[in-house]
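In what follows, every heavy atom counts, from backbone to side chain, and hydrogens, waters and symmetry copies are set aside. What you see is a predicted model; the values in this text were computed from it and never measured.
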Amino acid sequence: MAEHQAGAIAADEGTWLIAKRSQVDLLALILMLVFITSAICLSLPPVVKNDLTTNLHLSDPQYGLLSTVFLALYGISGFSSGILAARWGGRLLLVCCSCFFLGSLIFGLSANMAGFLVGRALQGLGGGMVIATCSPTMAQAIPPKWLNRAWGILGAGWGLGSAVALLVMPSIENAGGYRAVFLTTAGLAFVVGLAALSQKAVRTRPSHPEGATSVRGLIAATGSVITNRRVMLLGFINAAALAVGVSVLAFTPSFLQDIHGSSKDISLYLLAGLGAAQVIGNPIGAWATARWGKFAVILLSMVPMVIVTAVVGVVPGAALTFVMVLLAGFFSMSYFPPMLSYMPEVVDKPWQVGPATGLNTALGFGGSMLFPYFFGLILKGGGHTKLWYNVAYLMLAVFAALGTASMVFFSRRKKGQASTA
């Protein structure tokens, strides 16, 4: 696979902000901390579910709505911040961490649905900025030969964040309820924001030709990525994978409790293995991409994800259910490095990387945002029985299958450009 593509990533080695692999790894690790915070914010609902539904009497649809609002604002923020990142670069990560801090603080200090929704909305705004900002920041700072490696490191933060949320946060919740959980998250966001500020690549504005990031230039760049078939298809794939990952994370703990009789803590600790599987899946996805190509790894991730999601509610016993969840977690992140490292290759100009990644985030989280709510509605309408859990899991599998099938229309060869697969 060529290290330099003829499209947006073609540039002289001297233009990159980072020239050493050790510096690449450090930047990726710092950005991974921001991604960890985002994953923690997303993963908090199952940790505090019992407190919110038992003590504050939230219904299943209301509980699902907390994730839906998070995902809706995640998608909106992802699109808008991707456009703004073309102009402001990594500086948006400071806004991102501020949203994590304020959203967590508001949720932790609230005692009603209105406050919870505001808190989750702010957390979602922050979450949407992470990848949409990191993508153009790394594309400008890191030579293409190390970009896939950097995504392999950064992407591991998603699984690490899930693991922290589901292994550490339950003890905090037992000690101080949902308030302690969200106030702890606020403190983490503050520290991570300071760490991000330490990186030159985060503080440096992008250098693009005059007019490229003007209002007219950004409108033109946005129009280009919206009409780019491959960008849109990658967004659909992202939506399908996220619908599975978010809904499985939100409702599998209650499935283990309702159907298999697991305790609250045991089901959360077991599900924390999902985070560990994601940590493993991300670097393996990066390694496999270097060996077999981006297109192949995306398909090899999505097809098994469809299968394990369809059978997660059917297999007998909590142990096999847990294995299915682990596999879903693994494949939900092995597609991540090839999808994001595709971005500089499927656009025409370097300043389109931000809008393209923002659109990918918007389509991913916007397209998946209703599925936790749908899952909750199915359980409310049919009851918390194994049959209706199976119906809900099958709904997720069907959507993931549609996303996988869409890759038939993804051309791996761009006119005038070497194949990237």
Query raised in the report: So Gln352 and Asn228, side-chain contact (heavy atoms from CB on, under 4.5 Å) or not? Walk me through it.
Result: CA-CA 11 Å; Gln352 294 174 356; Asn228 186 316; 5.9 Å; no
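- In this structure a side-chain-to-backbone donor-acceptor pair under 3.5 Å is present from Asn282 to Gly152.
- Put simply, the side chain of Ser81 gets close to the backbone of Ser77: a donor and an acceptor are under 3.5 Å apart.
- Taking a 6.0 Å sphere around NZ of Lys386, one finds it holds more than 12 heavy atoms contributed by other residues, nucleotides or ligands.
- The closest side-chain heavy-atom distance from Thr185 to Met169 is below 4.5 Å.
- Residues Leu396 and Thr309 approach most closely at CB-CG2, 3.8 Å, considering heavy atoms.
- One finds the CD1 atom of Ile30 at 11.0 Å from the CG atom of Leu197 (value rounded to the nearest 0.5 Å).
- Taking CZ of Phe100 as the reference point, atom CG of Leu125 lies at 10.0 Å (rounded to 0.5 Å).
- Here the rule is side chain to side chain contact (heavy atoms under 4.5 Å, CB included) with Leu320, and of Val315, Val312, Val314 only Val315 fits it.
- Proximity of the aromatic rings of Tyr393 and Phe375 is defined here by a centroid distance below 6.0 angstrom, and this criterion is met.
- Between Phe107 and Phe116, the ring planes lie parallel to each other; the angle is under 30°, not in the 30° to 60° tilted range.
- Salt bridge present: Glu345 and Lys294 bring a charged side-chain N and a carboxylate O closer than 4.0 Å.
- A heavy-atom distance below 4.5 Å is found between the side chains of Ser38 and Tyr74.
- Although no hydrogens or angles enter the test, the distance criterion places a donor-acceptor pair under 3.5 Å between the side chain of Arg91 and the main chain of Arg203.
- Sorted by first and then second residue, the pairs that involve residues 22-45 and meet ring-ring contact (aromatic ring centres under 6.0 Å, His included), not counting sequence neighbours, are Phe35-Trp158, Phe35-Phe336.
- With hydrogens and angles ignored, the 3.5 Å screen pairs no side-chain donor or acceptor of Ser104 with any backbone N or O of Phe101.
- Here CG of Leu327 is found 8.5 Å from CZ of Phe330. Values are rounded to the nearest 0.5 Å.
- Across Ala150 and Ile142, no two heavy atoms sit closer than the pair CB-CD1, 3.7 Å.
- No hydrogens or angles considered: nothing links the side chains of Tyr373 and Ser67 as a donor-acceptor pair under 3.5 Å.
- Note that the OG1 atom of Thr361 and the CG atom of Leu242 stand 9.0 Å from one another [nearest 0.5 Å].
- Between Gly89 and Thr137, the closest heavy-atom pair is C-OG1, 3.8 Å.
- In this structure, the side chains of Trp151 and Met138 come closer than 4.5 Å at one or more pairs of heavy atoms.
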* Begin with the C-alpha distance, continue with both residues' side-chain angles, and end with the deciding distance and a verdict on side-chain contact (heavy atoms from CB on, under 4.5 Å) for His384 and Phe255. => CA-CA 8 Å; His384 289 234; Phe255 173 74; over 6 Å; no
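- Nearest heavy-atom pair, Cys96 versus Val130, reported as atom, atom and distance to 0.1 Å: SG-CG2, 3.6 Å.
- Contact annotation: the side chain of Asp25 approaches that of Ile153 to within less than 4.5 Å [non-hydrogen atoms, C-beta and beyond].
- Remark: side-chain polar atoms of Gln62 are paired, donor with acceptor, to backbone N or O of Ser59 under 3.5 angstrom.
- Inter-residue side-chain proximity for Leu93 and Met129 is flagged as unmet; no heavy-atom pair is nearer than 4.5 Å.
- Contact between Met324 and Val311 at its shortest, heavy atoms only, is SD-CG2, 3.5 Å.
- A donor-acceptor contact shorter than 3.5 Å is absent between the side chain of Tyr389 and the backbone of Gly313.
- At least one side-chain heavy atom of Phe409 sits less than 4.5 Å from a side-chain heavy atom of Leu233.
- Atom NE2 of His260 is separated from atom OG1 of Thr252 by 10.0 Å, given to the nearest 0.5 angstrom.
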With side-chain contact (heavy atoms from CB on, under 4.5 Å) as the test, would you mind laying out the steps for Asn50 and Gln257 before giving the verdict? CA-CA 11 Å; Asn50 283 15; Gln257 294 173 49; 3.9 Å; yes
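- No side-chain donor-acceptor contact under 3.5 Å links Ser43 to the backbone of Ile40.
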- Message: Working note: Leu154 + Leu27, criterion side-chain contact (heavy atoms from CB on, under 4.5 Å); need CA distance, chi angles, decisive distance, verdict.
- Response: CA-CA 9 Å; Leu154 189 158; Leu27 174 62; over 6 Å; no
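- Looking only at distances, no side-chain donor or acceptor of Ser341 sits under 3.5 Å from a matching main-chain atom of Asn148.
- Residues Thr357 and Ile131 form a side-chain contact, since some pair of their non-hydrogen atoms from C-beta on lies under 4.5 Å apart.
- For the pair Thr227 (side chain) and Ser224 (backbone), a donor-acceptor distance under 3.5 Å is present.
- Here the side chains of Leu377 and Pro61 are in contact, with some heavy-atom distance below 4.5 Å.
- Formation of a donor-acceptor pair under 3.5 Å by the Ser254 side chain with backbone atoms of Phe251 is found in this model.
- One distance of note links OG1 of Thr68 with CZ of Phe374; it measures 8.5 Å at 0.5 Å rounding.
- For the residue pair Ala39 and Ser162, the shortest heavy atom distance occurs at CB-N, 4.0 Å.
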